[in-house]
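See below for the structure under consideration.
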2 protein chains.
Amino acid sequence: MSDWSARSLARRLGEEFAGLPAGTRVASEHELMRRFGVSRSLVRAALDELVTRFLLRRVQGAGTFLNNRIDYVISSRNPPSLHQTVAAAGSEARTFLVDVTQMPVPDVVATALECDPGTPLNRLLRVGYVDDLIANSIEEWLAPEVLEHVDVSLRAVESLNEVLRMGRYQPVRAWSRAAPDFPPEDVEERLELERAVPVWTIETVTRDARTGRALLYSRSWMRQDVIRLVFEFDNPDLAYPG
Amino acid sequence: MSDWSARSLARRLGEEFAGLPAGTRVASEHELMRRFGVSRSLVRAALDELVTRFLLRRVQGAGTFLNNRIDYVISSRNPPSLHQTVAAAGSEARTFLVDVTQMPVPDVVATALECDPGTPLNRLLRVGYVDDLIANSIEEWLAPEVLEHVDVSLRAVESLNEVLRMGRYQPVRAWSRAAPDFPPEDVEERLELERAVPVWTIETVTRDARTGRALLYSRSWMRQDVIRLVFEFDNPDLAYPG
DNA sequence: GAGCATTTGTCCGTATGTATT
DNA sequence: CAATACATACGGACAAATGCT
């Protein structure tokens, strides 16, 4: 094959790049033009496909690089922390508190926390990184009753679960939902996305184990080009013979 | 805003199309060029974004249409059938048996079925449709011991579970895994994909409830532009107060 | 079936802008 | 500041599929 289509070139380059380690810089668009004797638009179309396949990452002015994507397996039994998973893959995960403000709750959050829509509640905004790359944006809403017992503004920088436990609660994950999506405009900005990148939306409701009352609603958007979620289900009634 | 970028135009068109019912034909590229005073490439870039967002579907020679995407919620409690879900959404799901052949098992399948790699086993190939659109491609491998007890070739057109039950088995889903991916080349052809479309890969191992022996390994690729998978987890220890 | 207009698919060459090094 | 590399947009040309006459 010496006459290239965008798809065939994408496949060819995909195979060629498959062996290289993450972070490697690949040939520039002009080099590829010369190498394959095609126009720049065709080279870009091929590279575009590999970007949507999460294989490449492009940085204007710098070059095109092999993307580092981390598998995060959510099993029905022991859900490991994302932090741990990222560390095990040889990368570093960090989370920063961006903002804490009291805001009227949107309707979705209100129903999850069983309070009136528009009630002013504490909203925490966090941003997660994996090796200097923005990986996710987290929005956490504290239920009204938690306000009275916990001083969020100062201690919230660390784990929210810890803060809740200090407030004499027994926080447990009562419900959660995960689905692939494209983020709304404001989240797109927080994630610094300049193109349509698919994300995971992950919602959870945390309750107090004793009273059953809702304590926390959290909504997270996780870039799919950074993290690859995998769901695994085991039937506990059947042992897996070794 | 009167000078358009591809992204801003995509957003504008996205809002404009949001209200229209699925299947509606939208304005042609030339119409949009005239309406917004931009080049065809810019119009196409904007429409491309909406296609990757699963909002539009394009048919060469015919036009651009609003895509019909069906939510499929997999809850930890009662997993409903895809067939049911599609029907509830007002569409029709159908599955056709494409091929039954005896083939040497690939390694992945062999380990799942606990047999030697390369063992010749019955492989069933199915294709699923949602309203005349290919939705998924299913590959099913029957364990060696099932061969002796069940005549697949004739009856397999209907539910495989039924066939297994007729063979005096008690099939139960022992393990399953789901992850978003891009299909390998051969599956891409079966799904008739002409561009990089993300799919769900869904693997399951079915065992016999009594003996615990592996009966069936199934691997399915489901187009994300047709089905939107949602995972929902409930903590059974906590009742959700109404 | 044949022919034709419409519509999307693919590719090229060029120009200009912007971020990085 | 200059060179490099990716980002964005234009206009043109031809191909291929569809649908109608």
Side-chain angles (χ1 to χ4, degrees), chain A residues 1-13 17 23-53 55-67 132-134 188 192-197 225, chain B residues 1-13 17 23-67 132-134 188-189 192-197 225:
Chain A
M1 178 167 14
S2 60
D3 209 7
W4 297 96
S5 73
R7 293 223 76 187
S8 62
L9 183 56
R11 263 198 280 266
R12 164 68 190 277
L13 292 175
F17 298 157
T24 309
R25 180 169 175 280
V26 306
S28 76
E29 296 171 355
H30 278 96
E31 286 177 280
L32 294 173
M33 285 171 67
R34 280 189 288 113
R35 234 182 88 187
F36 295 98
V38 293
S39 72
R40 178 149 175 252
S41 17
L42 200 151
V43 168
R44 278 190 67 80
L47 293 178
D48 268 339
E49 183 177 325
L50 297 179
V51 169
T52 71
R53 284 180 190 278
L55 197 75
L56 295 180
R57 192 167 45 83
R58 297 202 268 201
V59 182
Q60 183 175 160
T64 303
F65 305 86
L66 288 186
N67 187 30
D132 301 337
L133 285 182
I134 295 192
E188 217 165 44
E192 293 176 9
L193 303 182
E194 282 129 21
R195 41 176 291 156
V197 172
D225 55 348
Chain B
M1 181 168 14
S2 61
D3 210 7
W4 297 95
S5 73
R7 291 222 77 186
S8 62
L9 184 56
R11 262 198 279 265
R12 163 68 189 276
L13 292 175
F17 298 158
T24 309
R25 182 171 174 279
V26 306
S28 76
E29 294 171 358
H30 278 96
E31 285 178 279
L32 293 173
M33 286 171 67
R34 281 189 288 113
R35 235 183 86 187
F36 294 98
V38 293
S39 72
R40 181 161 172 239
S41 13
L42 198 150
V43 168
R44 278 189 68 79
L47 293 177
D48 269 339
E49 183 179 323
L50 297 179
V51 169
T52 70
R53 283 180 191 276
F54 310 125
L55 197 75
L56 295 180
R57 192 168 43 84
R58 295 202 269 202
V59 182
Q60 183 174 164
T64 304
F65 305 87
L66 288 187
N67 187 29
D132 301 337
L133 286 182
I134 296 190
E188 218 165 43
E189 278 171 28
E192 294 177 7
L193 304 182
E194 282 129 21
R195 41 176 288 157
V197 172
D225 55 349

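Chain A is the first sequence line, chain B the second, and so forth, proteins listed ahead of strands; every chain is numbered from 1. Everything numeric here is computed off the predicted structure, so don't read it as measured data.
Residues from residues 48-57 of chain B that place a heavy atom under 4.0 Å from any atom of DNA chain D: there are none.
For B/Arg44, the side-chain atoms get nearest to C/dT8 when compared with the rest of D/dA9, D/dA5, C/dT8.
Considering B/Leu133, B/Thr64, B/Val51 in turn, B/Leu133 is the only one that fulfils the side-chain contact (heavy atoms from CB on, under 4.5 Å) rule with B/Arg57. A side-chain contact (heavy atoms from CB on, under 4.5 Å) with A/Leu9 is found for one member of A/Leu47, A/Leu32, A/Leu42 and no other, namely A/Leu42.
OP1 or OP2 of C/dT8 sits under 4.0 Å from a side-chain N or O of B/Thr64.
Nucleic acid contact for A/Arg25: sugar-phosphate only, since backbone atoms but no base atoms lie under 4.0 Å from a heavy atom of the residue. Among the protein residues, A/Ala6 comes within range of the sugar-phosphate backbone only, with heavy atoms under 4.0 Å from sugar or phosphate atoms but none that close to a base.
The CG atom of B/Leu13 sits 8.0 Å away from the CG atom of B/Leu56 when rounded to the nearest 0.5 Å.
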Reading nucleotides 10-21 of chain D from 5' to 3' and marking B where a protein heavy atom lies under 4.0 Å of the base, S where only the sugar-phosphate is that close, and - otherwise, the string is BB-B--BBB---
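At whole-Å resolution of the value, CD in A/Glu29 and C1' in C/dT18 are 14 Å apart.
Counting heavy atoms from C-beta on, the side chains of B/Arg58 and B/Glu29 come closer than 4.5 Å.
Contacts of A/Glu31 classified as side-chain contact (heavy atoms from CB on, under 4.5 Å), with partners at least two apart in sequence or in another chain: A/Ala27, A/Ser28, A/Arg34.
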